[in-house]
Amino acid sequence: MKPATSALPDVLRGRVAWIFGDDFDVDLIIGVENIKYYDADKLRAVCMKAFDPEFVEKVEPGDVVVGGRNFGYGHPHYPPLVALRNLGISAVLAESFSPGFWRGETYNGMPLVTVPGIATAVRRFDPVEVDWRRAVVRLPDGTELTGNPPSERVIKVLESGGSLNLLLREHGRHRTPAES
């Protein structure tokens, strides 16, 4: 089997679209009343309204969000990150992640990078470069923060765009358009 090429670049370049605090429940990104929706247009319409009503207009493809300790605390619902991915958020950088959130979103193909000190080292709209394989974040002044690099298996999951894609590839199947 020919090795698949990654659609995920080794270095992500964007801005810090938002900084969340410690123990942040991701359901608040779309509002708890919206956690049962998966429609991208509905989720886009409610994304971050409680924090910044103009967030959707301000975010740019490639931007990242930053969190403090235990980011993703609470129930690991998928719609909040569906909304952020739909807006072009390319990664989540945090001091640490809630285990259920980390597992679910990593296996959905979202790069989650644990980087101690990140929440206090950046400000909103700072440009950043994220080498997600090495867990290195370069700040505008040239400072590099180093976190915990992902395992080889997580790298394969992210390169494949999620665990389902990786499993299908490993077992010789490809997703059909109807399965996407």
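Numbering of residues begins at 1 and proceeds along the displayed sequence.
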#### Entry: Any donor-acceptor pair under 3.5 Å from Glu95 side chain to Ile118 backbone
yes
### Query
Considering only heavy atoms from C-beta outward, does the side chain of Phe55 approach that of Leu84 to under 4.5 Å?
yes
### Task
Locate the shortest heavy-atom distance separating Ile30 from Asn34; write the atom from each residue and the value.
O-ND2, 2.6 Å
### Message
Any side-chain to backbone donor/acceptor pair from Asp23 onto Asn70? Under 3.5 Å, distance only.
### Response
no
#### Entry: Enclosure of Arg124 CZ (heavy-atom neighbours >12, cutoff 6.0 Å)
yes
### Task
Begin with the C-alpha distance, continue with both residues' side-chain angles, and end with the deciding distance and a verdict on salt bridge (charged side-chain N to carboxylate O under 4.0 Å, His left out) for Glu170 and Arg153.
CA-CA 12 Å; Glu170 287 176 341; Arg153 184 68 179 175; 2.5 Å; yes
### Message
Other residues, nucleotides and ligands only: do more than 12 of their heavy atoms fall within 6.0 Å of NZ on Lys156?
### Response
no
### Query
What pairs with Asp131 under side-chain hydrogen bond (donor to acceptor under 3.5 Å, both in side chains), at least two apart in sequence or on another chain?
Arg134
### Summary
Heavy-atom nearest pair, Ile35 first then His77, reads CD1-CE1, 3.4 Å
### Query
Below 4.5 Å, heavy atoms only, C-beta onward: do Val115 and Thr146 meet side chain to side chain?
no
## Note on the structure
On a heavy-atom basis, the closest approach of Ala17 and Val59 is CB-CG2, 3.8 Å
### Query
Looking only at heavy atoms, which two atoms of Leu87 and Cys47 are closest? And how far apart?
CD1-SG, 3.6 Å
### Query
Got Val11 and Trp132 here, is their nearest side-chain heavy-atom distance under 4.5 Å?
no
#### Entry: Identified side chain to side chain contact (heavy atoms under 4.5 Å, CB included) partner of Val92 from the options Thr114, Val113, Val65
Val65
### Check against side-chain contact (heavy atoms from CB on, under 4.5 Å), Asp126 and Arg15
CA-CA 5 Å; Asp126 277 354; Arg15 304 170 309 150; over 6 Å; no
### Query
Say you draw a straight line from CG of Leu43 to CZ of Arg85; how long is it, rounded to the nearest 0.5 Å?
10.5 Å
### Task
Measure the spacing between CG of Leu158 and CG of Asn165 and express it to the nearest 0.5 Å.
11.5 Å
### Task
Take Ile29 and Met48 through the test side-chain contact (heavy atoms from CB on, under 4.5 Å) and record every step on the way to the result.
CA-CA 5 Å; Ile29 290 171; Met48 296 291 288; 4.1 Å; yes
#### Entry: Check against ring-ring contact (aromatic ring centres under 6.0 Å, His included), Phe24 and Tyr73
CA-CA 6 Å; Phe24 184 76; Tyr73 167 79; 9.9 Å; no
### Message
Going by salt bridge (charged side-chain N to carboxylate O under 4.0 Å, His left out), name the pairs with one or both residues in residues 64-75, residues two or more places apart or in two chains.
### Response
Asp22-Arg69
### Query
Would you say the side chain of Phe71 lies within less than 4.5 Å of the side chain of Ser96, judging by non-hydrogen atoms?
no
### Side-chain touch Val122/Leu139, heavy atoms, less than 4.5 angstrom
yes
### Shared hydrophobic cluster for Val46 and Trp18 (ILVMFWY, side-chain gaps under 4.5 Å)
yes
### Task
State the OH-CG distance between Tyr107 and Leu166, to the nearest 0.5 angstrom.
8.5 Å
### Query
To the nearest 0.5 Å, what is the distance between CD1 (Ile155) and CG (Leu8)?
10.5 Å
### Query
Below 4.0 angstrom, N of the basic side chain to O of the carboxylate: do Arg133 and Glu152 qualify?
no
### Query
When rounded to the nearest 0.5 angstrom, what distance separates CD in Glu60 from CZ in Phe125?
8.5 Å
### Message
Does Tyr37, at its OH atom, have more than 12 non-hydrogen atoms belonging to other residues, nucleotides or ligands within less than 6.0 Å?
### Response
no
### Minimum-distance pair of heavy atoms, taken over all atoms of Lys58 and Asp63
O-OD2, 4.4 Å
### Task
Looking only at non-hydrogen atoms, find the nearest pair between Asn86 and Ala40 and report the distance.
ND2-CB, 3.5 Å
### Query
Are any of the side-chain heavy atoms of Pro116 and Leu145 separated by less than 4.5 Å?
no
### Inter-residue atom distance Tyr78.OH - Glu105.CD, 0.5 Å rounding
7.0 Å
### Flag, side chain of Asp25 to backbone of Leu28, donor-acceptor distance under 3.5 Å
no
#### Entry: Side-chain touch Leu81/Asn108, heavy atoms, less than 4.5 angstrom
no
### Query
Do Ile89 and Val56 share a hydrophobic cluster, counting only Ile, Leu, Val, Met, Phe, Trp and Tyr and linking them when any side-chain heavy atoms are less than 4.5 Å apart?
yes
### Query
Relative to each other, are the rings of Phe97 and Phe101 parallel, tilted or perpendicular (30° and 60° limits)?
parallel
### Task
Sequence neighbours left out, what passes side-chain hydrogen bond (donor to acceptor under 3.5 Å, both in side chains) with Asp41? Give chain and number order.
none
